Amino acid sequence: MFNPPNPKKFFATVWNIVEQIPEGKVSTYGQIATMIPASDGTDPDQMKRLAPRWVGTAMRKTPKGQNIPWHRVINSQGKVSFPEGSPQAEEQYRLLEMEGVEFDNKGKVDFDIVGWEGPNYEYLESNDLFPPKPFT
DNA sequence: CGTTTGACTACGC
DNA sequence: CGCGTAGCCAAAC
């Protein structure tokens, strides 16, 4: 079963990845989760189900004042994961629309248009940002 | 210190 | 499409 061997590092890795989502693009909790290698040999199918929760947990703890584009992370359905109408949801929609992300009449984005391709692994590795390196 | 609570997702109906 | 469920545990109460 997947669980972060070291939650602190796992969270930091999530933030590292989120920081690289460019303006006008979005990623999902699950997508980000799959970018982080399971260090405990967890079955990939289990990863799909369990890891996203941890990404969500990481996002909940996103440090403020570090310019982390938290709003560019949405759920696999292409919608923001806050209750519709909540201040946080409104804020997230606002921030995204401000950078050109469009939502259809159901509040969904088109991943074909604004989906993020993923992080630059070579860049991450060359800067020792990946595997997990905690903020200090 | 015990209980509740999540910024999730795939899958089955 | 929508709705319910399992899987799972660090934090926040």
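This one's a predicted model, so the numbers in the text were calculated from it and none came from an experiment. In what follows, every chain begins at residue 1, and chains take the letters A, B, ... in the order their sequences are listed.
One finds no side-chain N or O of A/Arg60 lying less than 4.0 angstrom from the OP1 or OP2 phosphate oxygen of B/dG6. Between A/Thr57 and B/dC8 there is no side-chain polar atom (N or O) within less than 4.0 angstrom of OP1 or OP2. Taking 4.0 angstrom as the limit, A/Ser76 places none of its side-chain polar atoms (N or O) nearer than this to OP1 or OP2 of B/dC8.
For the P atom pair drawn from C/dC13 and B/dA7, the interatomic distance equals 11 Å after rounding to whole Å.
The closest donor-acceptor contact from the side chain of A/Glu102 to the backbone of A/Val114 lies at 3.5 Å or more, if one exists at all. No donor-acceptor distance shorter than 3.5 angstrom exists from the side chain of A/Ser86 to the backbone of A/Phe82, with no hydrogens or angles considered.
Comparing B/dG6, C/dA11, C/dC1 by their closest approach to the side chain of A/Arg53 singles out B/dG6. Among the nucleotides B/dA7, C/dA11, C/dC1, the one closest to the side chain of A/Lys61 is C/dA11. Distances from the side chain of A/Phe82 to the nucleotides B/dT9, B/dA7, C/dA11 place B/dA7 closest. The side chain of A/Thr28 sits closest to B/dT9 out of C/dC9, B/dA7, B/dT9. The side chain of A/Tyr29 sits closest to B/dC8 out of B/dC8, C/dA11, B/dA10.
In this entry the distance linking CG of A/Asn75 with C1' of B/dA10 reads 13 Å, nearest Å. Atom CD in A/Gln77 sits about 13 Å away from atom C1' in B/dC11, given to the nearest Å. In this structure, the CD1 atom of A/Ile68 is 17 Å from the P atom of B/dA7, given to the nearest Å. Between A/Phe10 atom CZ and C/dA11 atom C1' there is a gap of 16 Å when expressed in whole angstrom units. Distance A/Phe111 CZ to B/dT9 P: 8 Å, rounded to the nearest Å. If you measure from atom CG of A/Leu96 to atom P of B/dA7, you get 17 Å, rounded to the nearest angstrom. In this structure, A/Trp54 atom CH2 and B/dT5 atom P are separated by 18 Å, rounded to whole Å. Put simply, OH on A/Tyr93 is 15 Å from P on B/dA7, counting in whole angstrom units.
The closest side-chain heavy-atom distance from A/Val18 to A/Ser27 is not below 4.5 Å. You'll find the side chain of A/Ile17 reaches within 4.5 Å of the side chain of A/Trp116, heavy atoms only.
For the pair A/Glu99 and A/Lys25, the salt-bridge criterion is not met [side-chain N within less than 4.0 Å of a carboxylate O].
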